[in-house]
Enquirer: 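Okay, handing you the structure first.
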2 protein chains.
Amino acid sequence: MADVAERAGVSVSTVSRTLRGLSNVSPDVRARVEKAARALNFAVSRHASSLVTGRTGVVAALVPTLDSWFMGSALSALGPLLRAADLELTVYVTPDLAERAAFFERLPARRNADALLVFCFDLTDEESARLDDLGMPVVYVSQHADGRPSVYVDDGAAARAGTRHLLNLGHRRIAFMQSAGATGFSFSSHERLLGHRRALTEAGVPLDDSLVVAAPAADRRAVAEALGELLGLREPPTAVFAEQDELAVSLIWTLRRSRIEVPERMSVLGFDDQPVAELFDLTTVAQSPADMGREAGELVLSLITDPDADPARHVLLPTRLIPRGSTAPAIGEETD
Amino acid sequence: MADVAERAGVSVSTVSRTLRGLSNVSPDVRARVEKAARALNFAVSRHASSLVTGRTGVVAALVPTLDSWFMGSALSALGPLLRAADLELTVYVTPDLAERAAFFERLPARRNADALLVFCFDLTDEESARLDDLGMPVVYVSQHADGRPSVYVDDGAAARAGTRHLLNLGHRRIAFMQSAGATGFSFSSHERLLGHRRALTEAGVPLDDSLVVAAPAADRRAVAEALGELLGLREPPTAVFAEQDELAVSLIWTLRRSRIEVPERMSVLGFDDQPVAELFDLTTVAQSPADMGREAGELVLSLITDPDADPARHVLLPTRLIPRGSTAPAIGEETD
DNA sequence: ATGAAAGCGCTAACAA
DNA sequence: TTGTTAGCGCTTTCAT
């Protein structure tokens, strides 16, 4: 910056003022400074600025992985918002518990970001408590965190609506398939199972734990085994509600291999509405991670810029059932 | 840090040394400092450090989007590597040309990162030139950049192998479908088409521009139209090589709707080997973005830490054809 | 409208 | 092994 100042024949203060777009700079000087800066290929060091302003100009995101439809959509949607506010996005990827422990051990975001976006969906209370002490706004995405700003969908209600759809089609034996082993998803998963159960209870259908199975979506063998368990029941299900599209699609694939027609002999319902859902003609409960990302971005922005923004604002996003071809009336039933 | 020093009864330098794990600190003092730091919930400000060390401790990534299999896999794989080296990852998402222009206009990474990973696959020469002046290592991922460190696959050779597979199956009318409108993919796209053409030429099959069509994978209508064009030809193709799995899968979906059996009446070949490929039983040319991410990470690490690392190292990653059920001998042909 | 000077939190000589 | 001191590149009073 000193170089720029010298070249433009002004002081560093003036350069600083100009580059930050402050008003009290004469047009003449402004032009000179900008020219000099350009000529020297100068860019302000955020690090030096942040040292004195106390603001870092970065938003941190704690994510379990980047390798998923949800995270990709959410963060992609977030990007433009942050850029518009001249904020950078730094991402902490913690694919396993060890990495996450390391994050919480050192809390590198502390003092190195203006806000934190948490995309881990199964924080322990202790972890949340540590985040409370971070001294910066922490926004929880895709989970409802009491007394803290959060953006989420009502997973329980959404799952309930999904199961109702199956009930309306006349299904009474409805299995629920969870995506086992996916660290970081248990919060939503739990809520969805609860919603599913609630719908069943409301319809007077007895709960049956043998109808709840689990398998990682990517593990075809595990999915096949889970399916085997269900089919081996004395009274096998006529429909399966998979808590994620990827799992649902994996299940459909497995069913096809076993020559079990979908939806004729087995209805399959998903959750998410990923692009693959349409390709598999999968009925599913849609949510929009892109909207979540945007809302979270706006929330974070307001929290950073406006000191008396509601520090516990909740944004509840809608879900909706998308009927496609993977669900049909139970055998011997009329359409609803 | 002053607080920690006071609490531990030592000077700030000692605290600094301790927290950076330097050796010349007595065990006793080390323990006191660590205790004090913990008690005060202290974390070093990277910004202040970087001001004096000149190293920022962050690696920047310029990406067209986060919302794709390729980017997700690559960046997810990169994460642990960077974390192990105590580096942060900041992501610049530039979904459109305007955003990208803004990035190049301000080059925010300058002085705010120790290295840059470029995942945009269609940089102009001018853009590359600007990156050369950045004063930090710039690693190109998924593209071969002359004289600059890059990690990539040989798209041309890979596509050539793909087309050869179709030729071996007896196909002679082979269409090539590009994913139109996907900003940031034209480099690979171009190379793949070249490789395809080369294989045809080598086999003595005449090139026919009417067999090259384009459509965005997500736009079903456009895919249907492109397919229509091909089917409307006097001599329609018996196989289609889609330059991406998503497009291939979208095409298969469209073919099914039109009651054109795959592979009986039309073979379809993809490129990538995304998870969806297996679900659609798609024969495809596999590449591994996760490996690319890892290699890029290691390259970047070596460039940052080792001043005399080869500044133009190239890492060429393998691809391989994965035969599945979406390709079959052309009608009237024997298997190869 | 502009400049001089102090200081943000840290690290890196240098001294002790 | 530890402490003292001088900046790193900026922003921000406070003068002018």
Enquirer: Test of understanding: with salt bridge (Lys or Arg N to Asp or Glu O under 4.0 Å), list the residues that count as partners of B:Asp86, not counting sequence neighbours.
Expert: A:Arg106, B:Arg46
Enquirer: Return the set of residues passing ring pair (Phe, Tyr, Trp, His ring centres under 6.0 Å) with A:Phe103 (not counting sequence neighbours), or none when no residue passes.
Expert: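 If we apply the ring pair (Phe, Tyr, Trp, His ring centres under 6.0 Å) test to A:Phe103, skipping adjacent residues, the hits are A:Tyr92.
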Enquirer: Listing request: all salt bridge (charged side-chain N to carboxylate O under 4.0 Å, His left out) pairs with a residue in residues 111-121 of chain A, at least two apart in sequence or in separate chains.
Expert: A:Arg55-A:Asp114
Enquirer: Sequence neighbours excluded, which residues qualify as salt bridge (Lys or Arg N to Asp or Glu O under 4.0 Å) partners of A:Arg294?
Expert: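 By the salt bridge (Lys or Arg N to Asp or Glu O under 4.0 Å) rule, A:Arg294 matches A:Asp291.
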Enquirer: Considering only residues two or more places apart or on different chains, which pairs with a residue in residues 69-78 of chain A satisfy side-chain hydrogen bond (donor to acceptor under 3.5 Å, both in side chains)?
Expert: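 Every side-chain hydrogen bond (donor to acceptor under 3.5 Å, both in side chains) pair that includes a residue of residues 69-78 of chain A, provided the two are not neighbours, is A:Ser76-B:Thr65.
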Enquirer: Can you pull the ring pair (Phe, Tyr, Trp, His ring centres under 6.0 Å) pairs that have at least one residue in residues 1-28 of chain A, sequence neighbours excluded?
Expert: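 Non-adjacent pairs meeting ring pair (Phe, Tyr, Trp, His ring centres under 6.0 Å): zero.
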Enquirer: Please list, in 5' to 3' order, the outermost nucleotides of DNA chain C lying under 4.0 Å from any heavy atom of chain A.
Expert: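 So the contact region on DNA chain C extends C:dA1 to C:dC10.
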Enquirer: Nucleotide by nucleotide, 5' to 3', does protein get under 4.0 Å of the base (B), only the sugar-phosphate (S), or neither (-) in nucleotides 5-16 of chain D, counting heavy atoms?
Expert: --BBBBBB----
Enquirer: What pairs with A:Glu126 under salt bridge (Lys or Arg N to Asp or Glu O under 4.0 Å), at least two apart in sequence or on another chain?
Expert: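 A:Glu126 satisfies salt bridge (Lys or Arg N to Asp or Glu O under 4.0 Å) with no residue once adjacent residues are dropped.
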Enquirer: Check salt bridge (Lys or Arg N to Asp or Glu O under 4.0 Å) between B:Asp132 and all other residues, then give those that pass, not counting sequence neighbours.
Expert: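 B:Asp132 satisfies salt bridge (Lys or Arg N to Asp or Glu O under 4.0 Å) with B:Arg148 only.
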Enquirer: Roughly how bent is the helix from C:dA1-D:dT16 to C:dA16-D:dT1 end to end, in steps of 10 degrees, with each end axis from five pairs?
Expert: 30°
Enquirer: For B:Tyr140, give me all partners under ring pair (Phe, Tyr, Trp, His ring centres under 6.0 Å), at least two apart in sequence or on another chain.
Expert: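 With neighbours one apart ignored, the set is empty.
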Enquirer: Output, in order, the C-alpha distance, side-chain angles, deciding distance and verdict of side chain to side chain donor-acceptor pair (under 3.5 Å) for A:Ser11 and A:Thr14.
Expert: CA-CA 5 Å; A:Ser11 72; A:Thr14 305; 3.2 Å; yes
